Amino acid sequence: MRIALVDSGIGMLSTAAALRAARPDADLVLSMDPDHMPWGPRSAEDVIGRALAGARAAAGLGPDAIVVPCNTASVHGLTALREEFEPRIPVIGTVPPIKPAAAPGTPIAVWATAATTRSRYQSDLIERFAPDVPVTQVACVGLAEAVESADAAAIADAVSYAAGTTPADVTGVVLGCTHYDLVSERIVAALGRRVALFTAAGAVCAQALRRLGTEADPGAPRTGSVSVLASGRPAALPDTALAYPAGALLALPPDGRTLAADTL
C-alpha cells in the first residue's frame with residue numbers, strides 16, 4: 001500500500017505521522033513544493049496548479065491514494081484533483097474540525113492563516129457546524145511560516161500573539177492549518193489553561209484508510225518506506241522537519257535500514 005501526500009511544505013507531517021502510526025507497513029510519498037511555497041498567498045488558480053503538479057509527480061510512483069493535508073489546497077484544488085485522478089486513485093482532502101469542536105456548545109476559537117480566516121470557505125463551515133456557538137476566528141499571523149522554518153523565537157512570538165487574541169472563555173481551539181499541529185504543546189502552554197485542541201490529522205488518516213478499503217493496523221511490521229519529492233525532484237526530508245517529533249518519526253528507517261534520499 002502506497003499513499004502520497006501533497007502539500008507545499010512540512011505542514012503535511014502530522015498527517016503523514018498519523019498514517020505511519022496507523023499503518024507502519026504503508027509506503028509514504030511526501031510531495032512538497034519548496035520552489036513555490038507558501039501556497040496561502042497565491043491565487044486560487046495558482047494553488048490548483050501547484051497541487052496538481054505535486055499530485056502528478058507523486059502519481060508517477062503509483063500511489064493507491066492521494067492525501068491533501070492542507071486546508072488551502074483542499075479548498076481550491078480538491079475538485080480539480082478528483083476530476084483528474086478519481087476513480088483510479090482516491091483523493092482525500094482536509095477540512096478544519098469545526099464540527100466536533102462545536103459539539104459541546106461552549107465557546108471555541110478557530111486558529112488559521114490570515115487568508116483562511118478571511119475566506120468564505122471557513123465562514124461557511126462555521127455557519128454550517130457552529131450556528132449557535134460563540135466562535136472567534138484568530139488570524140495567526142506568521143505562525144505557519146515560523147513553523148515551516150523551525151524558527152523557535154518566531155514560533156513563540158506568533159503563538160503568543162494568537163493566544164493573546166483568544167478569549168478567556170474559549171474551551172476548544174480548532175487548528176485550521178496543519179502546520180499548527182506541529183507546535184500543539186506550545187499552543188496549549190501559551191493559552192495557560194485547560195483547552196481542548198482539535199486537529200484534522202487523525203480524521204484525514206482514518207478517511208484515507210476507509211477510501212482504501214482497509215483499517216488501521218498499528219501492530220503491522222514496520223516495513224513502510226518514506227520517499228520525498230521536492231517540487232518533483234527526489235529529495236530527503238528537510239532538516240526543519242527533524243525539529244518536530246512527527247518528522248523524526250518519519251525519518252526512522254524501516255527495519256533498521258538507512259533511509260536514502262535516492263530511493264526513488
Side-chain angles (χ1 to χ4, degrees), residues 1-9 11-33 36 39 42-100 116 119-122 124-125 128-129 176 178 199-218 220 223-234 250 263-264:
M1 180 167 55
R2 177 168 291 176
I3 303 171
L5 295 94
V6 179
D7 198 349
S8 61
M12 67 168 61
L13 292 180
S14 56
T15 302
L19 287 165
R20 165 58 73 242
R23 290 302 299 253
D25 57 339
D27 295 331
L28 302 180
V29 179
L30 312 183
S31 185
M32 303 180 183
D33 192 23
H36 305 92
W39 288 353
R42 291 181 173 272
S43 68
E45 292 74 16
D46 282 347
V47 172
I48 292 169
R50 297 319 313 160
L52 284 170
R56 288 165 181 161
L61 300 178
D64 300 296
I66 296 172
V67 175
V68 186
C70 172
N71 293 290
T72 298
S74 294
V75 170
H76 298 302
L78 206 56
T79 298
L81 287 164
R82 285 177 170 159
E83 287 177 350
E84 178 159 336
F85 293 103
E86 291 190 343
R88 180 172 55 92
I89 305 173
V91 179
I92 298 90
T94 299
V95 176
I98 293 172
K99 183 177 181 179
T116 300
S119 71
R120 184 67 242 175
Y121 165 75
Q122 182 162 290
D124 286 345
L125 288 175
R128 180 180 177 186
F129 294 120
T178 50
T199 70
V204 173
C205 169
Q207 176 66 2
L209 296 181
R210 280 193 293 269
R211 293 292 305 275
L212 285 165
T214 188
E215 297 179 351
D217 185 7
T223 55
S225 64
V226 177
S227 302
V228 180
L229 295 171
S231 299
R233 304 178 300 273
L250 294 168
T263 53
L264 303 178

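As the structure is a computational prediction, the values presented were derived from the model and not from experiment.
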Peer 1: Exactly one of D7, T15, V75 should register a side chain to side chain contact (heavy atoms under 4.5 Å, CB included) with C70. Which one does?
Peer 2: D7

Peer 1: Which heavy atom of P63 sits nearest a heavy atom of A58, and at what distance?
Peer 2: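 For P63 and A58, the tightest heavy-atom pair comes out as CD-O, 3.3 Å.
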
Peer 1: On a heavy-atom basis, which atom in L250 and which in A16 lie closest, and how many Å separate them?
Peer 2: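 Closest approach of L250 to A16: CD1-CB, 3.7 Å.
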
Peer 1: Return the set of residues passing side chain to side chain contact (heavy atoms under 4.5 Å, CB included) with S119 (not counting sequence neighbours), or none when no residue passes.
Peer 2: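 Once residues adjacent in sequence are excluded, the partners of S119 under the side chain to side chain contact (heavy atoms under 4.5 Å, CB included) criterion are T116, Y121, Q122.
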
Peer 1: Can you tell if the side chain of P96 reaches within under 4.5 Å of the side chain of N71, non-hydrogen atoms only?
Peer 2: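 When only atoms from C-beta onward are counted, N71 and P96 do touch, with a gap below 4.5 Å.
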
Peer 1: If you look at every heavy atom in A22 and C205, which pair is closest and at what distance?
Peer 2: CB-SG, 3.8 Å

Peer 1: Identify the heavy atoms of A57 and G232 that sit nearest to each other, and give their distance.
Peer 2: CB-CA, 3.9 Å

Peer 1: Strictly by salt bridge (charged side-chain N to carboxylate O under 4.0 Å, His left out), give each pair with a member in residues 202-213 just once, sequence neighbours left out.
Peer 2: E86-R211

Peer 1: In Å and rounded to the nearest 0.5 Å, what is the CG to CE distance from L30 to M12?
Peer 2: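 The distance works out to 5.5 Å.
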
Peer 1: Can you name the side chain to side chain donor-acceptor pair (under 3.5 Å) partners of D25, sequence neighbours left out?
Peer 2: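 Scan of D25 (side chain to side chain donor-acceptor pair (under 3.5 Å), adjacent residues dropped) gives R23.
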
Peer 1: Sort and list the pairs that fulfil salt bridge (charged side-chain N to carboxylate O under 4.0 Å, His left out) and have at least one residue in residues 59-81, not counting sequence neighbours.
Peer 2: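 Matches after skipping sequence neighbours: none remain.
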
Peer 1: My understanding is that only residues two or more places apart in sequence, or in another chain, count here; which of them pass salt bridge (charged side-chain N to carboxylate O under 4.0 Å, His left out) with R120?
Peer 2: D124, E127

Peer 1: Using the side chain to side chain donor-acceptor pair (under 3.5 Å) criterion, which residues pair with T94? Sequence neighbours excluded.
Peer 2: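 Counting only residues at least two positions away or on another chain, T94 forms no side chain to side chain donor-acceptor pair (under 3.5 Å).
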
Peer 1: Who passes side chain to side chain contact (heavy atoms under 4.5 Å, CB included) against S8, sequence neighbours left out?
Peer 2: M37, W39

Peer 1: For A80 and I48, which heavy atoms make the closest approach, and how far apart are they?
Peer 2: CB-CG2, 3.8 Å

Peer 1: H36 and S231: which non-hydrogen atoms are nearest, and at how many Å?
Peer 2: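 Here H36 and S231 meet closest at ND1-OG, 4.2 Å.
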
Peer 1: What distance do R56 atom CZ and L229 atom CG have between them, rounded to the nearest 0.5 Å?
Peer 2: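 Answer rounded to 0.5 Å: 15.0 Å.
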
Peer 1: Who pairs with A59 by side chain to side chain contact (heavy atoms under 4.5 Å, CB included), at least two apart in sequence or on another chain?
Peer 2: F85

Peer 1: Of V29, I92, L19, which meets side chain to side chain contact (heavy atoms under 4.5 Å, CB included) against L5?
Peer 2: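 Of V29, I92, L19, side chain to side chain contact (heavy atoms under 4.5 Å, CB included) with L5 is met by L19 alone.
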
Peer 1: Quick one: list whatever passes side chain to side chain contact (heavy atoms under 4.5 Å, CB included) with T79, sequence neighbours left out.
Peer 2: E83

Peer 1: Which residues satisfy the side chain to side chain donor-acceptor pair (under 3.5 Å) test with R82, sequence neighbours excluded?
Peer 2: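 Result, side chain to side chain donor-acceptor pair (under 3.5 Å) vs R82: none returned.
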
Peer 1: Evaluate the side-chain proximity of V6 to L81: yes if any heavy-atom separation is below 4.5 Å, no if none is.
Peer 2: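 They are not in contact (no side-chain heavy atoms under 4.5 Å apart), so the answer is no.
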
Peer 1: Please confirm whether the backbone N or O of P69 pairs with a side-chain atom of T178, one donor and one acceptor, at under 3.5 Å?
Peer 2: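 Side chain of T178 to backbone of P69, a donor-acceptor pair under 3.5 Å: yes, one is there.
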
Peer 1: Mind checking what makes salt bridge (charged side-chain N to carboxylate O under 4.0 Å, His left out) contact with R50, not counting sequence neighbours?
Peer 2: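 Scan of R50 (salt bridge (charged side-chain N to carboxylate O under 4.0 Å, His left out), adjacent residues dropped) gives D33.
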
Peer 1: Please enumerate all residues that pass salt bridge (charged side-chain N to carboxylate O under 4.0 Å, His left out) together with D46, with sequence neighbours excluded.
Peer 2: R42

